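Both ligands and their constituent atoms are indexed starting at 1 by order of listing. Quick caveat, the model's predicted, so the values are computed rather than measured.
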Amino acid sequence: MQTIRDIDTLRKAVVELKKDGAGIALVPTMGALHAGHLALVAAAKAEADHVIVSIFVNPAQFGPNEDLGRYPRQEAEDAAMLEAEGCAILWAPDAKTVYPEGFASKVSVAGVSSGMDGDARPGHFDGVATVVAKLFNQVQPDVAVFGEKDYQQLAVIRRMTRDLDLPVRIIGVPTQRDADGLALSSRNAYLSEEERAAARALPRVLGEAAAAIQEGADASEALGAARAKLEQAGFNPVDYVEMRDAETLETVSALSRPARILAAARIGTTRLIDNLAVMPVR
Ligand code: AMP
C-alpha cells in the first residue's frame with residue numbers, strides 16, 4: 001500500500017491503477033479506524049478492483065467549539081490496518097493541500113442538510129459536502145462507500161452526487177456495533193468507563209422507541225419518552241430525537257413508509273449520534 005500526500009502523485013497512481021479498465025472504490029474517513037471503517041473497506045473491496053482510503057480530519061466540518069484539536073490521530077496504526085486489508089492507496093493529504101491559500105469555494109446541499117445535525121452543528125454539512133466533492137475529484141472513484149451511522153451525512157452525499165451529476169456510485173453500509181449495541185465511533189475513545197456504560201442507553205432507547213412505534217404507539221409520545229429516558233441515563237443535552245422518512249429525511253409523524261429514528265446527545269464532553277430503521281408493519 002502506498003501512502004500519498006500530494007495531488008500530483010495521487011493522480012499518477014490513480015491513472016496507473018485504472019489502466020486496463022480496473023475500477024476504484026473510495027472510503028473517506030477521518031482516521032482512528034475501527035471495525036466500522038473496516039466494514040466499509042470490505043464493502044469497497046466487493047465493489048471494485050482497488051480500494052483507496054482517505055484519512056483527513058477536515059477542519060471545515062468542525063464548529064469553533066468542537067473537538068478538532070483533540071480528535072484522535074493514529075495514522076501509523078491506521079495504515080497498518082489498511083495494509084492488512086489489502087488497500088491500494090492511503091490518501092492522507094494535509095490541510096494546506098486540501099485548502100490551499102485563498103481557498104474560497106463551498107458546496108452546500110439544501111433540504112437534507114437542514115434540521116438535526118444541520119441545526120446542531122451549523123456549517124457542518126457544507127464542510128462535509130465540500131470535502132467529499134473534492135475527494136471525488138481528487139481520487140476519481142467509480143464507487144464511494146459511507147456508513148449509515150452518519151445517516152444524514154449519507155443523505156447529503158447522495159443528494160449532492162445526484163444534483164451535480166458526479167459519476168460516482170454511492171454505497172451505504174449498516175452501522176457496526178459493539179456487543180452491547182453502542183455504535184462504533186472514533187469518539188467512543190473519549191468516554192470514561194462510567195460514561196461508556198451509560199452510553200449503552202442510546203441504542204437501547206432508540207430500539208425501544210422504534211419497537212413502540214412499529215407496534216402502533218403515537219410517534220411523538222414515543223420520541224418524547226425516548227428523550228426523557230436518555231436524560232435519565234445521563235445524556236445532557238439531548239440535541240434531538242426525531243423520526244424522518246428513511247429516504248428523503250422529511251419529517252414524518254405516522255408510519256406509512258420506511259422511516260428512521262435519529263438522535264444526537266452528549267454524555268460528559270462527548271457527543272454521540274445513532275439511528276435505527278423503523279418499518280411499517282404490513
Ligand atoms: P469518520 O471517520 O467517523 O468520519 O467515518 C468515516 C466513515 O465511516 C463514514 O462514512 C462513517 O459513516 C463510517 N462509520 C463510522 N462509524 C461507523 C460504524 N460504526 N459503522 C459503519 N460505518 C461507520
Side-chain angles (χ1 to χ4, degrees), residues 25-47 51-63 66-68 70-75 77-79 81-82 85 87 90-93 95 98 112 116-117 121 124-136 139 141 143-161 168-191 196 199-200 202-203 206-207 249 260 262-264 270-277:
L26 169 67
V27 180
T29 81
M30 299 204 299
L33 302 181
H34 50 64
H37 297 111
L38 297 187
L40 270 52
V41 170
K45 275 201 264 187
E47 296 288 338
V51 177
I52 299 182
V53 175
S54 61
I55 295 182
F56 180 59
V57 183
N58 176 31
Q61 69 188 69
F62 287 78
E66 295 185 358
D67 57 341
L68 175 63
R70 71 162 178 157
Y71 198 83
R73 289 164 172 87
Q74 46 167 64
E75 193 194 294
E77 272 171 82
D78 291 347
M81 287 163 91
L82 296 174
E85 296 296 320
C87 294
L90 166 57
W91 170 226
V98 178
V112 285
M116 300 190 290
D117 264 24
R121 306 182 68 189
H124 170 67
F125 287 122
D126 288 356
V128 169
T130 302
V131 83
V132 171
K134 285 174 63 77
L135 288 167
F136 285 3
V139 174
V143 177
V145 185
F146 297 87
E148 288 183 350
K149 155 94 182 350
D150 299 275
Y151 201 83
Q152 191 175 9
Q153 167 175 285
L154 176 58
V156 168
I157 287 159
R158 285 194 197 281
R159 185 76 257 164
M160 172 187 79
T161 305
V168 183
R169 197 155 50 86
I170 307 299
I171 308 274
V173 172
T175 303
Q176 308 296 303
R177 297 177 181 281
D178 261 344
D180 67 354
L182 183 68
L184 298 177
S185 166
S186 308
R187 291 189 168 96
N188 292 352
Y190 301 150
L191 299 171
R196 174 63 189 81
R200 190 257 170 277
L202 181 56
L206 295 189
L249 285 193
R260 209 89 194 171
L262 306 98
T270 307
R271 185 173 183 275
L272 300 178
I273 60 172
D274 202 352
N275 67 88
L276 286 179

(request) Measure from the side-chain N and O atoms of T29 to the backbone N and O of S54, and report whether any donor-acceptor pair falls under 3.5 Å. (result) yes
(request) With R121 as reference, evaluate M116, R271, Q61 under the side-chain contact (heavy atoms from CB on, under 4.5 Å) test and give the passing residue. (result) R271
(request) Can you sort out the partners of D150 under side-chain hydrogen bond (donor to acceptor under 3.5 Å, both in side chains), two or more places apart, ordered by chain and number? (result) none
(message) What does the 4.0 Å heavy-atom contact list look like for ligand 1?
(response) P28, T29, M30, H34, G36, H37, L40, Y71, F146, G147, K149, D150, Q153, P174, T175, Q176, L184
(message) Show every salt bridge (charged side-chain N to carboxylate O under 4.0 Å, His left out) that has at least one partner inside residues 178-190, sequence neighbours left out.
(response) D67-R187, D178-R196, D180-R196
(message) Give me each pair satisfying salt bridge (charged side-chain N to carboxylate O under 4.0 Å, His left out) with a member in residues 28-45, each pair once, sequence neighbours excluded.
(response) K45-E85
(message) If the threshold is 4.0 Å, N to carboxylate O, is there a salt bridge linking E47 and R169?
(response) yes
